[in-house]
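For reference, the structure is listed below as structure tokens.
Convention: sequence-line order gives letters A, B, ...; per-chain numbering from 1. Both backbone and side-chain heavy atoms feed into the values below; hydrogens, waters and symmetry mates do not.
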Number of protein chains: 2
Amino acid sequence: MLEAEIYKALGDPIRLEILQRLSTRSAYTIGELSANLGVSRQGARKQLQVLVQANVVHLAQNGRETLVTLDTTALQLARSFIARIESQWEQRLEALKNFVEE
Amino acid sequence: MLEAEIYKALGDPIRLEILQRLSTRSAYTIGELSANLGVSRQGARKQLQVLVQANVVHLAQNGRETLVTLDTTALQLARSFIARIESQWEQRLEALKNFVEE
DNA sequence: CCTATATGCAACTATTTGGTTGCATGTTGT
DNA sequence: ACAACATGCAACCAAATAGTTGCATATAGG
């Protein structure tokens, strides 16, 4: 189960908040993103790094600032993995229902 | 971001494996589930407990054994939260595209 | 040029997590 | 009744995580 990494990255309120923000604006600088998260700039930076490692966001240097952008491909995979578990479960329920009815 | 809990629960290979298994059979006992996960029974039990806390699985006592079943409602929420982030991002891209074109 | 800004890096600490072992307890089948 | 089975609970440990502070460094703007 290599997929665990992405969920781990999503499993923190600060990181989710960062993603939330990123989804509503095309690009943030690290500084902007790190503000008002309830932790220090370096604390926020560490959380951001977790998202970078999980390939959910990308960084691009621009002079003295760094731009952060969202990359939804990992999110799509995460979503479809959950969807697969759900659908297998649905199939199971269906099979059980048929068995009871016959 | 209260939603973090569910992703945290999914963020571990052993727990994902447990969910995978649960999705393909209507019910497992704790003992069955705990086997062949590469950790001790009690180790596996701890991981299972994380899934219980996150409300992804339910336990039901049955004599000396305990049945484990999947509950997909939390998974659905997790999936739709990701979907929302993705779609907001898509909207952003769309807006940016329109801006460039005009 | 010089100051303010945006950021990075390292050391350190407390807490949480993932795992173990050992032992206790209720349940079942013979 | 009793042995085997399914499970729970607690103590313990190592490693990972979340956060801090302090200091360094490069870039931008007046």
- Taking only the side-chain nitrogens and oxygens of Ser40(B), find out if one of them lies under 4.0 Å from OP1 or OP2 of dG19(C). no
- Message: At less than 4.0 Å, is any side-chain N or O atom of Arg41(A) found next to OP1 or OP2 of dT7(C)? Yes or no.
- Response: no
- Query: Does NZ or CZ of Arg25(A) lie under 6.0 Å from the centre of the six-membered ring of Tyr28(A), at an angle within 45° of the ring axis?
  - Reply: yes
- Query: Does a nitrogen or oxygen in the side chain of Gln47(B) sit under 4.0 Å from OP1 or OP2 of dG19(C)?
  - Reply: yes
- Outermost DNA chain D nucleotides near chain A [under 4.0 Å, heavy atoms]: dT17(D) to dA28(D)
- Message: Looking at Ser40(A) and Gly43(A), would you say the former's side chain and the latter's main chain have a donor-acceptor pair under 3.5 Å?
- Response: yes
- Charged N-O contact under 4.0 Å between Glu32(B) and Arg21(B): no
- Whole angstrom value for the distance that separates P of dT16(C) from CD of Gln53(B): 14 Å
- Note on the structure: Rounded to 10°, the angle between the first-five-pair and last-five-pair axes of the helix from dC1(C)-dG30(D) to dT30(C)-dA1(D) is 30°
- Item | Pairwise distance CG(Leu48(A)) to CD(Gln53(A)) - rounded to 0.5 angstrom | 10.5 Å
- Message: Please check: side-chain N/O of Arg15(A) versus main-chain N/O of Ala9(A), any donor-acceptor pairing under 3.5 Å?
- Response: yes
- Message: From C-beta outward on Val39(B), which listed nucleotide comes closest to its side chain: dT20(C), dG8(C), dG18(C)?
- Response: dT20(C)
- Message: In this structure, how many angstroms lie between the P atom of dT21(C) and the CZ atom of Arg45(B), rounded?
- Response: 18 Å
- Note on the structure: Contacts of Gln42(A) and Arg15(A) projected onto DNA chain D by closest heavy atom; the upstream (5') one is Arg15(A)
- Separation between OG of Ser26(B) and CG of Leu93(A), rounded to the nearest 0.5 Å: 8.5 Å
- Message: Taking 4.0 Å as the cut-off, does a side-chain nitrogen or oxygen of Lys8(B) come that near to OP1 or OP2 on dT17(C)?
- Response: yes
- Item | Residues from residues 55-71 of chain A lying under 4.0 Å of DNA chain D - heavy atoms | Gly63(A), Arg64(A)
- Without swapping roles, check the side chain of Tyr7(A) against the backbone of Asp12(B) for a donor-acceptor pair under 3.5 Å. no
